[in-house]
Amino acid sequence: MRYYRFSILLLPIALASCAMNSEQGTLAELREVNLELKDEKVEDGLEKAMESYRRFLEETPESAMTPEAIRRIADLSLEKEYGYVGDGESSATPSGTNKR
């Protein structure tokens, strides 16, 4: 009998909490949001990124992410030295001719 009374009291509270309308919306509504994306210039962005990766390597134990962090430091060093390098997937062969 005690559980019956408890469930009678709990049921309206549970239903009321489910029926409340949230002003924040849902994740599904994010598909309809139009975002304006623009590039921003970050001062010393490469240096800051390289320093963050170095700090990551110093502060965390060696893991599966360690080689990726080392590779990113190398990529950023090349980009700093020679400009944008790319992701290594080029449509040109080493001789400069396009693959077909």
Side-chain angles (χ1 to χ4, degrees):
M1 185 70 165
R2 177 188 283 171
Y3 295 113
Y4 179 70
R5 287 183 194 165
F6 181 71
S7 63
I8 289 176
L9 292 174
L10 187 60
L11 185 62
I13 294 171
L15 290 175
S17 66
C18 292
M20 289 186 182
N21 188 5
S22 174
E23 293 179 15
Q24 294 178 340
T26 64
L27 289 175
E29 292 173 352
L30 289 176
R31 291 187 188 122
E32 300 168 8
V33 174
N34 291 325
L35 298 176
E36 181 180 331
L37 302 177
K38 60 181 180 176
D39 290 337
E40 291 288 331
K41 178 70 176 167
V42 177
E43 295 296 321
D44 298 326
L46 292 175
E47 286 295 326
K48 289 179 182 178
M50 289 170 43
E51 183 59 35
S52 294
Y53 281 113
R54 286 187 189 109
R55 192 170 48 247
F56 169 80
L57 290 172
E58 291 170 1
E59 295 175 359
T60 58
E62 191 168 322
S63 68
M65 298 297 292
T66 301
E68 180 65 17
I70 294 170
R71 186 189 69 77
R72 286 298 298 141
I73 291 172
D75 288 346
L76 293 169
S77 297
L78 287 172
E79 185 174 340
K80 180 181 173 189
E81 186 70 27
Y82 300 107
Y84 181 71
V85 177
D87 59 2
E89 296 180 15
S90 176
S91 60
T93 61
S95 64
T97 60
N98 288 336
K99 292 180 182 178
R100 300 252 178 201

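Nothing here was measured: the structure is a model prediction, and the numbers come from that model.
Atom CE of Met50 and atom CG of Asp75 lie 11.0 Å apart (nearest 0.5 Å). With values rounded to the nearest 0.5 angstrom, Lys80 atom NZ is found 8.5 Å from Asp44 atom CG. Atom OH of Tyr53 and atom CD1 of Ile70 lie 12.5 Å apart (nearest 0.5 Å). Distance CZ/Arg72 to CD/Glu79: 7.5 Å, rounded to 0.5 Å. Atom OG1 in Thr26 sits 9.0 Å away from atom CZ in Arg31 (nearest 0.5 Å).
Proximity of a side-chain donor or acceptor of Ser77 to a complementary backbone N or O of Ile73 within less than 3.5 Å is detected.
Minimum heavy-atom separation, Ala49 to Leu76: CB-CD1, 3.7 Å. When all heavy atoms are compared, the tightest approach of Pro67 to Ser63 is CD-O, 3.7 Å. Between Leu57 and Ala69, the shortest heavy-atom distance links the atoms CD2-CB, 3.8 Å.
Side-chain heavy atoms closer than 4.5 Å link hydrophobic residues (I, L, V, M, F, W, Y) into clusters, and following such links, even through other members, never connects Leu78 to Leu46.
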Begin from the C-alpha positions of Arg71 and Glu68 and carry the test salt bridge (charged side-chain N to carboxylate O under 4.0 Å, His left out) through to its verdict. CA-CA 5 Å; Arg71 186 189 69 77; Glu68 180 65 17; 2.7 Å; yes

